[in-house]
Undergrad: 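Starting off with a structure, shown below.
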Amino acid sequence: MLLAGKFILGTIIASFIQCLVWRQVNHVSQFIARSFCDTCHHSLAFWQLIPIIGVALQKGRCHFCQHKLSLAPPLFELFGGFFASRYLTLNLYAGLLFSLGLWLAALAWFDLLTLSVPNILLLLGLIFCLSLRFLKPTLTPFDLVIMLCLCLILVIFNWRHWLGAGDTLVLLGLMLAFGWYCTCLILFLATLGCLVFNIFAKVAKLPFIPFLTLTYLGLAYVFPPLFGV
Ligand SMILES: [Zn+2]
């Protein structure tokens with residue numbers, strides 16, 4: 001019962017982050033009461049706003065204008081629900097990992113909607129990742145060498161425009177927080193997800209932070225020891 005409550009709360013938080021970022025990007029007041037359809041601007045009914053279920057009940061199309069709805073919000077809500085069911089606890093470290101998930105989710109939505117992320121949000125998250133480093137065991141010289149090599153590779157990827165500056169900094173932040181092994185695994189799985197997605201979507205330029213975020217949320221749920229839990 002408690003797990004179900006945490007899951008539902010996680011889906012609501014994921015939906016709330018998406019709503020906050022969408023309104024910020026589209027210069028819509030955060031204080032208007034009811035959300036509306038992006039296409040026909042019709043106010044949404046309560047049942048349409050229920051995370052995951054709202055899209056399912058509308059069969060993937062707006063109830064009013066039949067415009068096809070993006071599957072990204074319910075996907076983030078689903079991952080957010082599972083992630084919260086494990087990390088929404090009174091444990092301090094779990095709370096920090098949950099906060100990192102919130103930061104990544106906000107960045108992911110900015111990246112999805114604008115293909116860029118706000119510098120201030122990026123900077124605050126990087127400081128947060130650095131503070132997580134102090135809760136971890138001291139790095140061995142071997143770890144440091146691998147991390148420096150990986151930093152160099154990421155910088156080259158960024159210089160060659162294979163990775164955006166935001167993607168590169170998020171990966172560096174994850175490496176600060178969780179070390180090179182965990183970051184390599186996130187990078188590998190996110191790249192795989194991106195490639196598979198592109199086979200179906202065939203988009204010229206894909207935002208990468210959403211893939212990194214979903215990988216972090218999924219991996220942290222399935223395999224907590226990787227993140228020191
Ligand atoms: Zn509509």
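Computed over heavy atoms, backbone and side chain alike; hydrogens, waters and symmetry mates excluded. In listed order, ligands and their atoms are each counted from 1.
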Undergrad: Does anything in residues 183-204 pair up under ring-ring contact (aromatic ring centres under 6.0 Å, His included), and if so which pairs, sequence neighbours excluded?
TA: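 Qualifying pairs, neighbours excluded: F197-F211.
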Undergrad: Determine the sole option in L185, I146, L148, V145 for which the side-chain contact (heavy atoms from CB on, under 4.5 Å) test with W180 is passed.
TA: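 Among the candidates, only I146 passes.
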Undergrad: Please report the C-alpha distance between Y216 and F227 in whole Å, then the side-chain angles of each, then the deciding distance to 0.1 Å, and finally whether the ring pair (Phe, Tyr, Trp, His ring centres under 6.0 Å) criterion is met.
TA: CA-CA 10 Å; Y216 167 73; F227 298 86; 5.4 Å; yes
Undergrad: For the Zn ion (ligand 1), which protein N/O/S atoms are closer than 2.8 Å?
TA: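 Result, waters dropped: C37 SG, C40 SG, C62 SG, C65 SG.
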Undergrad: Among residues at least two apart in sequence or on other chains, which ones pass ring-ring contact (aromatic ring centres under 6.0 Å, His included) with H41?
TA: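 H41 satisfies ring-ring contact (aromatic ring centres under 6.0 Å, His included) with F36 only.
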Undergrad: According to a hydrophobic-cluster definition based on side-chain heavy atoms being under 4.5 Å apart (Ile, Leu, Val, Met, Phe, Trp, Tyr only), do L20 and I12 belong together?
TA: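 Different clusters.
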Undergrad: With sequence neighbours left out, which residue pairs that include part of residues 105-154 fulfil the ring-ring contact (aromatic ring centres under 6.0 Å, His included) condition?
TA: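 Passing the test, one end in residues 105-154: F76-W109.
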